[in-house]
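Note that these values count all heavy atoms, side chains included, but never hydrogens, waters or copies made by symmetry. The model shown is predicted, which means the values in this text are computed figures rather than measured ones.
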Amino acid sequence: MPALHHLYATTRRGALVLLFVCSISLLALAGTNSAPVATDVRATVSGAQTLITISGTAPMAYSVKRPDARTLVVELPGVDASRLSPTYALASGLAEKVTVDNGSNPRLSVTLRAPARERSRMDDNNLVVELSPAADAKAEPVPTPSPRGMSAGSGSSAQSAQGQQYGSPGFVGEPINLNVVNADIRDILNYITEQYGVNFVIDSSVGAVPVTVNVTDVPWNVALEAILRANRLGIDVNGNILRVATTEVLATETSTQQKIRESQLDNSPLYTEFIRLNYARASGTLATAAGSTGGFAGGTVGGGGGSGSQNFSGGQGGDVTGGGGDSGILPIIARRLSRRGSVEVDGRSNTLIVTDVRENIDAVRQLVLLLDQPEPQVEIETRIVIANRNFSRDLGVQLAATIFNGANNPGASISTLPNGGNAGLQPGVPGGLPGTLVPSNGLGANLPSTVIGLTTGIFGTAQISAAITAAETKGQAKVIASPRVTALNNRPAQIESGQQIPVVTPQTGAGGSGGALVFTTTFVSVPLRLSITPQITDVGTVVLRVVAENNSVNTAIAVAGTPGIDTQRMQTEVLVPDGGTTVVGGVLADNESEIQNRTPGLGSIPVLGNLFKRKQTTRQTNEILFFITPRIYRPDMQGNPTNGTVSTGTRTTTILQPVPLGNPPSNTPSPLQQQQQQQTAPPPAGGQGQQQPTGGQQPVSRP
């Protein structure tokens with residue numbers, strides 16, 4: 001028995017040791033096998049989308065293929081799919097079932113009920129395949145292989161078209177998921193090419209660079225640029241082909257190309273082009289060329305209708321002096337020449353003389369062709385309407401009573417006449433009826449048009465007389481001024497008509513207080529004036545800066561023989577459609593007054609107080625309106641009118657600048673220096689004094 005007991009104990013200890021060794025071996029084997037394991041497949045429906053989730057124990061490498069329109073294959077290289085069932089039925093309108101092929105390279109085949117677009121991403125340890133209805137059910141996707149851990153949308157023609165937009169300003173590509181470790185960057189570029197149709201040429205300087213990327217739902221062009229920058233790579237664009245090279249190679253090539261270009265520029269022949277302008281000015285404006293004769297004359301054009309320091313007439317709001325700051329095409333051309341170029345102006349014929357290399361000459365010619373176009377002009381009709389209305393009503397009641405004593409001699413009396421009661425009782429007074437009161441300035445109406453008199457005669461010892469005076473005036477006047485002017489686009493125009501009042505000012509001579517008086521005459525303008533600067537748009541509207549004045553002489557407020565001036569002014573900027581009318585200003589002044597003259601105490605009695613009262617009502621209304629109607633006239637190159645608008649949006653034109661900008665002052669002076677030279681030096685006669693650029697013999701071309 002003891003021997004059996006000892007044998008049993010030994011056997012038990014051996015079994016425990018064996019179990020411990022097996023456990024350690026299993027743990028060691030589990031530690032060496034770190035491959036992710038796919039544990040489950042499930043599908044959820046969210047609206048029109050279906051999400052197929054493949055659960056795993058760790059992030060899984062995958063690729064998505066489209067053999068045909070109704071099949072989607074998800075490859076899981078290096079993933080253990082032994083725990084998955086052979087088939088999963090899906091309750092979705094887009095997907096029917098998932099079939100699992102658990103081989104050396106596991107794959108899941110998704111059978112689609114209808115064409116669908118897919119997007120895949122890694123969500124922690126889960127691979128999510130998102131299915132959505134295809135926008136075009138007839139589009140047959142092209143199967144494209146994907147590197148491990150890369151997924152994007154379906155390889156449709158819409159994706160391929162994105163490659164043509166790569167590099168465009170504001171372009172944002174479709175989201176892409178990249179989850180790779182130590183992948184060759186050339187494989188990533190090939191994948192981008194297959195998915196989005198980007199034409200890449202990989203330079204020999206790009207070696208086998210290992211790239212580790214883990215991005216989710218990032219636009220593919222943003223991810224690509226980040227990958228290139230992270231690996232010191234750049235892109236050289238040549239047409240629709242993108243060459244990928246290291247930044248050092250691209251920098252060296254850029255420096256070399258710049259030196260070659262500068263050498264070509266220095267050795268290229270110079271050409272001189274004579275460009276005669278039709279509608280644009282080579283330098284300055286016509287008002288600048290007109291000089292002192294371009295403004296108004298006759299007296300002193302100023303004063304603005306007696307407005308003192310605020311001078312509206314002849315100055316502000318757009319006038320004919322050409323002070324808008326336009327200096328012609330010359331500064332624009334001068335800034336776009338090469339460092340060997342120069343430009344001059346023949347003011348007599350309005351011609352630009354440009355000397356530069358052939359490429360720049362062509363670019364300047366295109367620029368001048370765009371700028372030397374007939375500008376539209378606008379006819380502006382303005383109506384200034386002044387309406388005056390006045391009304392006045394004056395009602396007066398006068399009473400007189402006299403008590404006689406013996407022999408009909410007047411005794412006590414009461415009267416609302418300022419001269420006393422007796423003055424109004426004597427018959428035969430001129431201007432009055434026998435036995436009635438004579439209207440006066442007391443409680444009687446001023447300048448009455450109607451007089452009603454009543455005398456009761458003598459009853460007993462008393463006599464009562466009454467006079468009712470009434471006056472009413474009503475007037476209405478309308479003054480219409482209709483100035484009309486035509487102006488070019490962005491050019492001021494002004495029309496002015498009116499009077500100039502001479503104002504004589506005495507001043508003491510140089511001798512001081514004892515010197516003779518010197519009389520100075522100054523003319524003050526009283527104009528009807530319209531000044532307009534239009535900005536005509538291509539869509540048929542006009543932006544107007546308008547200054548309108550209507551001034552008139554008022555002799556009622558003359559001081560020392562100099563009359564006053566009534567002014568109506570309007571200044572504004574407004575947008576008006578072609579042929580439309582707008583009211584850009586209106587002033588309404590309405591004055592109403594009521595005056596009562598009455599006998600104290602008696603005039604306050606209701607109803608009866610009207611017999612001891614005079615009531616005067618006055619109302620005066622003044623209204624001024626400014627109506628503006630622009631009409632656009634668009635001429636062609638021959639001056640004939642054209643119909644319709646030019647465009648419905650902003651016009652843009654791109655011109656290639658073939659050579660670098662860099663015109664030094666030694667070749668062409670600045671625009672300010674050129675204007676100073678034109679003002680101080682006379683123009684060359686017969687072409688003498690023309691600057692001849694260096695560079696040998698110059699072929700000359702004439703357009």
Side-chain angles (χ1 to χ4, degrees), residues 295-308 310-321 377-390 475-488 491-503 523-534 542-558 562-591 620-633:
F296 292 112
T300 301
V301 182
S307 62
Q310 189 173 2
N311 185 357
F312 281 90
S313 179
Q316 300 178 3
D319 52 24
V320 295
T321 60
Q377 58 191 21
V378 58
E379 179 190 30
I380 300 104
E381 179 181 0
T382 305
R383 286 184 176 269
I384 304 174
V385 180
I386 304 172
N388 296 324
R389 293 180 294 274
N390 59 79
Q476 184 173 350
K478 180 185 288 187
V479 179
I480 299 178
S482 182
R484 181 179 300 178
V485 68
T486 301
L488 279 174
R491 285 290 187 269
Q494 179 172 301
I495 184 172
E496 187 169 317
S497 175
Q499 301 174 339
Q500 290 186 338
I501 302 174
V503 179
F523 290 90
V524 178
S525 296
V526 188
L528 167 64
R529 171 175 170 260
L530 174 65
S531 177
I532 283 190
T533 304
V542 185
V543 181
L544 298 174
R545 188 179 193 276
V546 185
V547 177
E549 293 184 70
N550 185 40
N551 305 293
S552 59
V553 178
N554 188 352
T555 58
I557 56 174
T562 302
I565 299 175
D566 294 333
T567 62
Q568 295 90 27
R569 296 190 186 94
M570 181 275 302
Q571 177 174 314
T572 185
E573 291 187 7
V574 65
L575 175 66
V576 188
D578 182 15
T581 300
T582 180
V583 181
V584 295
V587 179
L588 175 63
D590 192 355
N591 297 325
Q620 185 173 2
T621 303
N622 297 323
E623 186 175 6
I624 179 172
L625 298 172
F626 296 88
F627 299 89
I628 290 186
T629 303
R631 295 180 178 86
I632 300 177
Y633 167 73

Quiz item: Is there side-chain contact between Ile565 and Ile557, with heavy atoms separated by less than 4.5 Å?
Solution: no
Quiz item: side-chain contact (heavy atoms from CB on, under 4.5 Å) between Ile380 and Val542: does it pass, once the steps are laid out?
Solution: CA-CA 10 Å; Ile380 300 104; Val542 185; over 6 Å; no
Practice problem: Starting at CZ of Arg484, measure out to CG of Leu530 and round the result to the nearest 0.5 Å. | Solution: 11.5 Å
Exercise. To the nearest 0.5 Å, tell me how far Tyr633 OH sits from Asp578 CG.
Key: 13.5 Å
Quiz prompt | Exceeds 12 heavy-atom contacts within 6.0 angstrom, atom CD of Glu381 | solution = yes
Quiz prompt | Which atom of Leu528 lies closest to which atom of Ala481, heavy atoms considered | solution = CD2-CB, 3.7 Å
Quiz item: Can you tell if the side chain of Ile628 reaches within under 4.5 Å of the side chain of Val574, non-hydrogen atoms only?
Solution: no
Self-check item: Partners passing side chain to side chain donor-acceptor pair (under 3.5 Å) against Asp566 (at least two apart in sequence or in another chain)
Solution: Asn554
Practice problem: Work out which heavy atom in Asn550 is nearest to a heavy atom in Ile386; give both atom names and the distance. | Solution: ND2-CD1, 2.8 Å
Self-check item: For the student: nearest non-hydrogen atoms of Arg491 and Pro534, plus distance
Solution: O-CD, 3.3 Å
Quiz item: Do the side chains of Glu549 and Gln571 get nearer than 4.5 Å, heavy atoms only?
Solution: no
Quiz item: So, for Gly580 and Val576, which heavy atoms are closest and what is the spacing to 0.1 Å?
Solution: O-CG1, 3.6 Å
Quiz item: To the nearest 0.5 Å, how far apart are CZ in Arg569 and CZ in Phe626?
Solution: 10.0 Å
Exercise. Can you measure from CD1 (Ile495) to CZ (Arg529) and round to the nearest 0.5 angstrom?
Key: 11.5 Å
Practice problem: Not counting sequence neighbours, which residues clear side chain to side chain donor-acceptor pair (under 3.5 Å) with Thr621? List them please. | Solution: Asp590
Practice problem: Check the pair Ile480, Arg383 against side-chain contact (heavy atoms from CB on, under 4.5 Å), reporting the backbone distance first and the verdict last. | Solution: CA-CA 7 Å; Ile480 299 178; Arg383 286 184 176 269; 3.8 Å; yes
Practice problem: Measure the OG1-CG distance between Thr582 and Leu575 for me, rounded to the nearest 0.5 Å. | Solution: 9.5 Å
Quiz item: Going from CD on Glu379 to OG1 on Thr486, what distance comes out if it is rounded to the nearest 0.5 angstrom?
Solution: 4.5 Å
Quiz item: Which heavy atom of Val485 sits nearest a heavy atom of Gln494, and at what distance?
Solution: CG2-N, 4.3 Å
Exercise. Can you sort out the partners of Asn390 under side chain to side chain donor-acceptor pair (under 3.5 Å), two or more places apart, ordered by chain and number?
Key: none
